[in-house]
Amino acid sequence: MLDIKLIREQKDFVKNEIAKLFIEAPIDEIYELDEIRRNKLFIVENLRNKRKVLSAEIAKEKDAAVLQSKKEEVKEINEQIKEEEDLLKGIEEKFNRLMLEVPNLPESEVPIGKDDSENIPVSYFNEKKQFSFTPTTHYDIGEKKKFIDFNRGAKISGTRFYILRNSFAKLQRAVINFMLDTHVYEHGYEEIYPPFMVNKECLIGTGQLPKFADNLYMDSDSDMWFVPTAEVPITNMYRNEILNSNELPIYHAAYTACFRKEKMSAGKDSRGIKRGHQFDKVELVKIVKPEDAREELFKLIADAQDILNRLDLPHRLVKICTGDLSFSAAEKYDIEVYAPGINEWLEVSSCSNFNTFQARRANIKFKRENDSKPEFAATLNGSGLALPRVMIAIIENYQTIDGNVRIPEALKQYFGSEEFI
RNA sequence: GGAGAGAUGGCCGAGCUGGUCGAAGGCGUUCGCCUGCUAAGCGAAUGUAUGUUUAUAAAGAACGUACCGAGGGUUCGAAUCCCUCUCUCUCCGCCA
């Protein structure tokens, strides 16, 4: 959520910034509604004050006739209050609804661009591997060795579900442990195991709702929503809290399964394990002082990249342009790993700085000093990393000519004496 | 799932026979005094959000409104009474 004062005082600037995102937002409407809202609030508050004063007089009034007339007077005021309050409530509901639909403003460093075709790969890491044979895909290897069971996955759960078996299941578990261990022991994150289901407030807090409900699974009679990413439970741990500045920065790393309907990408990426309704992910979340947000973003990106470096996987960093920024993000970088079998750059991480946008929605504040005014904190997050695509990259990059997969050096400690799977 | 108890400010904890209660008291924190140093002692300050007016380079100031788990109701007036919901604790049942 944006600061209403920013819209109130610099409406044209806000409109200009949002134009860079190539989407529409009802800024003019909000601006007008804000003024109407404040006028109405003023009226209501004055009426309430009148009532309060009269009530205090009634408490002291001795004369029965005067008492009665004052009571009547308050009753009339109450009717007015009721009327005005109803109007105010309607105005505020609309105002809040519109405010929740306004996206975050981009950082000035974000390149202007219409859509993902204008994202900019800024740097490349680790050489692509040279193969003496034509590398095949992870799904061919997986099916041949019976380590991925697509048919049974579809049988028990439907399309876009698969079953990992045997060595691939073990590999995935090893990668999860490896990533968590690295972030927790090497990068200084606190490990978190959160619920995989959350209430609606959380999803509003981090910005998935109200706009993106169609990508979320939920239990309709208990207001329980499956998390689409650990960002949601982790960031919302601090919802409605005022943190001490000595608690900042907060670094959290969490493994969760993630659930997404992926309706909008129907038909896309249907082959393999690249895009499913359920996938595992290790997520990094930071809560920091606003002035530190950008610097923390680059540190977070480095932490995520470190996983790929330790696995010796070729990857690149892509700067996301304004038109491809997600709703809540002010600045975003994707990390894409190269998979030689399917010959694609796969997004394994999306690292975003939200500035105070999510904190405003989730009401996450901090105090600089004991006696200073609470301020909104900045939040950031990034995958560190998304499992299926790291699996694809490992399988396809480490495949051997005889159809096996060599276990990467960094993962050996998670296996016994095995060299290949 | 059944029975009962509870939810108050950073924390603890009064108030709950309705009326200067945004809320006693204590602890904590901050500032000042005192003091070889520290501790103790003494004094003062110390919730959040928002509106109006005013002011500034900023910060602010004055006044108002809302908030005692959430939402509704009764009343001239609700932390206090009534209803619904959520959560916590205790006991019983069930269970990975």
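Just so we're on the same page: letters track the sequence lines, and every chain starts at 1.
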Could you write out RNA chain B as dot-bracket? Rules: Watson-Crick or G-U wobble, both distances under 3.5 Å, brackets [ ] for crossings, | for pairs with another strand, dot for unpaired. ((((((((.[[[..)...(.....]]]((((((.......))))))((((((((.....)))))))).[[[[[..)....]]]]])))))))....
Check nucleotides 27-29 of chain B against the protein and report each pair of N or O atoms closer than 3.5 Å, with its distance, or say if there are none.
residue: B/U29; atom: O2'; partner: A/Asn370; partner atom: OD1; Å: 3.4
residue: B/U29; atom: O2'; partner: A/Asn370; partner atom: ND2; Å: 2.7

List, with names and distances, any nitrogen or oxygen atoms from the protein found under 3.5 Å away from nitrogen or oxygen atoms belonging to nucleotides 11-13 of chain B.
none

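- Within 6.0 Å of CD on A/Glu247 lie more than 12 heavy atoms contributed by other residues, nucleotides or ligands.
- The same atom, P, is picked in B/G51 and in B/C34; the two are 44 Å apart, to the nearest Å.
- Note on A/Lys40: every side-chain N or O is 4.0 Å or more away from OP1 and OP2 of B/G51.
- Side-chain polar atoms of A/Ser350 and A/Asp334 form a donor-acceptor pair below 3.5 angstrom.
- Using a 3.5 Å distance cut-off with no hydrogens or angles, the side chains of A/Glu76 and A/Gln80 do not pair a donor with an acceptor.
- A salt bridge is absent between A/Glu85 and A/Lys82: the closest approach of a Lys/Arg side-chain nitrogen to an acidic carboxylate oxygen does not fall below 4.0 angstrom.
- Just one residue in the list A/Asp12, A/Val14, A/Asn16 forms a side chain to side chain contact (heavy atoms under 4.5 Å, CB included) with A/Ile27, and that residue is A/Val14.
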Mind running salt bridge (charged side-chain N to carboxylate O under 4.0 Å, His left out) on A/Glu262 and A/Arg275 for me, showing each step along the way? CA-CA 8 Å; A/Glu262 302 287 8; A/Arg275 189 186 296 273; 3.4 Å; yes
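- For the pair A/Asp28 and A/Lys15, the salt-bridge criterion is met [side-chain N within less than 4.0 Å of a carboxylate O].
- Remark: A/Asn78 in residues 78-88 of chain A come within less than 4.0 Å of RNA chain B through at least one heavy atom.
- Ion pairing between A/Lys89 and A/Asp86 fails under the 4.0 Å rule for side-chain N and carboxylate O.
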For A/Phe212 and A/Phe327: C-alpha separation, side-chain torsions, deciding distance, then whether ring pair (Phe, Tyr, Trp, His ring centres under 6.0 Å) applies. CA-CA 10 Å; A/Phe212 308 103; A/Phe327 181 75; 5.7 Å; yes
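- Remark: A/Tyr31 pairs with no residue by the side-chain hydrogen bond (donor to acceptor under 3.5 Å, both in side chains) rule, at least two apart or across chains.
- With rounding to whole Å, A/Glu241 atom CD is found 18 Å from B/G69 atom P.
- For the pair A/Arg8 and B/U50, the criterion of a side-chain N or O lying under 4.0 Å from OP1 or OP2 is not met.
- Contacts classified as ring-ring contact (aromatic ring centres under 6.0 Å, His included) and involving residues 243-262 of chain A (residues at least two apart or in different chains) are given here: A/Tyr189-A/Tyr251, A/Phe226-A/Phe259, A/Tyr238-A/His252.
- When heavy atoms are screened at a 4.0 angstrom cut-off, A/Arg368 is found touching no nucleic acid atom at all.
- Counting only residues at least two apart or on different chains, the side-chain hydrogen bond (donor to acceptor under 3.5 Å, both in side chains) pairs with a member in residues 223-236 of chain A are A/Asp223-A/Trp225, A/Thr229-A/Lys281, A/Glu231-A/Gln358, A/Glu231-A/Asn381, A/Asn236-A/Arg239.
- As judged by a 4.0 angstrom heavy-atom cut-off over every strand, A/Lys5 is placed among residues making no nucleic acid contact.
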Between protein and nucleotides 17-21 of chain B, what N or O pairs are separated by less than 3.5 Å?
residue: B/G19; atom: N2; partner: A/Ser55; partner atom: O; Å: 3.2

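- A salt bridge does not link A/Lys261 to A/Asp214: none of the charged nitrogens lies less than 4.0 Å from a carboxylate oxygen.
- For A/Lys319 and A/Tyr333, the positive end is not near the middle of the six-membered ring at less than 6.0 Å and at most 45° from its axis.
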A/Glu409/A/Arg310 under salt bridge (charged side-chain N to carboxylate O under 4.0 Å, His left out): CA gap, chis, key distance, verdict: CA-CA 8 Å; A/Glu409 208 55 44; A/Arg310 288 168 188 244; over 6 Å; no
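- Nearest-nucleotide positions on RNA chain B place A/Ile242 closer to the 5' end than the other of A/Lys71 and A/Ile242.
- Across all strands, A/Lys70 comes closer than 4.0 Å to no nucleic acid atom at all (heavy-atom distances).
- The side chain to side chain contact (heavy atoms under 4.5 Å, CB included) search around A/Ala254 returns A/Ile192, A/Pro194, A/Ala230, A/Ile234, not counting sequence neighbours.
- By the 4.5 Å heavy-atom criterion applied to side chains, A/Val390 and A/Val337 are not counted as neighbours.
- Within residues 197-205 of chain A, no residue has a heavy atom under 4.0 Å from RNA chain B.
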Using the 3.5 Å cut-off, write out each protein N or O paired with an N or O of nucleotides 64-66 of chain B and the distance between them.
residue: B/G64; atom: O3'; partner: A/Asn49; partner atom: ND2; Å: 2.7
residue: B/G64; atom: N2; partner: A/Glu45; partner atom: OE1; Å: 2.6
residue: B/G64; atom: N2; partner: A/Glu45; partner atom: OE2; Å: 2.7
residue: B/U65; atom: OP1; partner: A/Asn49; partner atom: ND2; Å: 2.5
residue: B/U65; atom: OP2; partner: A/Lys52; partner atom: NZ; Å: 3.4
residue: B/U65; atom: O2'; partner: A/Arg48; partner atom: NH1; Å: 2.9

Below 3.5 Å is the cut-off: list the nitrogen or oxygen pairs between protein and nucleotides 56-58 of chain B, distance only.
none

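- Here B/U75 presents its P atom at 18 Å from CD of A/Glu73, a figure rounded to the nearest Å.
- Remark: the separation of the P atoms in B/G13 and B/G4 is 25 Å, to the nearest Å.
- Ring orientation note: the planes of A/His277 and A/Tyr217 are nearly perpendicular, at an angle over 60° on the 30°/60° scale.
- Distance CZ (A/Arg239) to C1' (B/G69): 14 Å, rounded to an integer number of Å.
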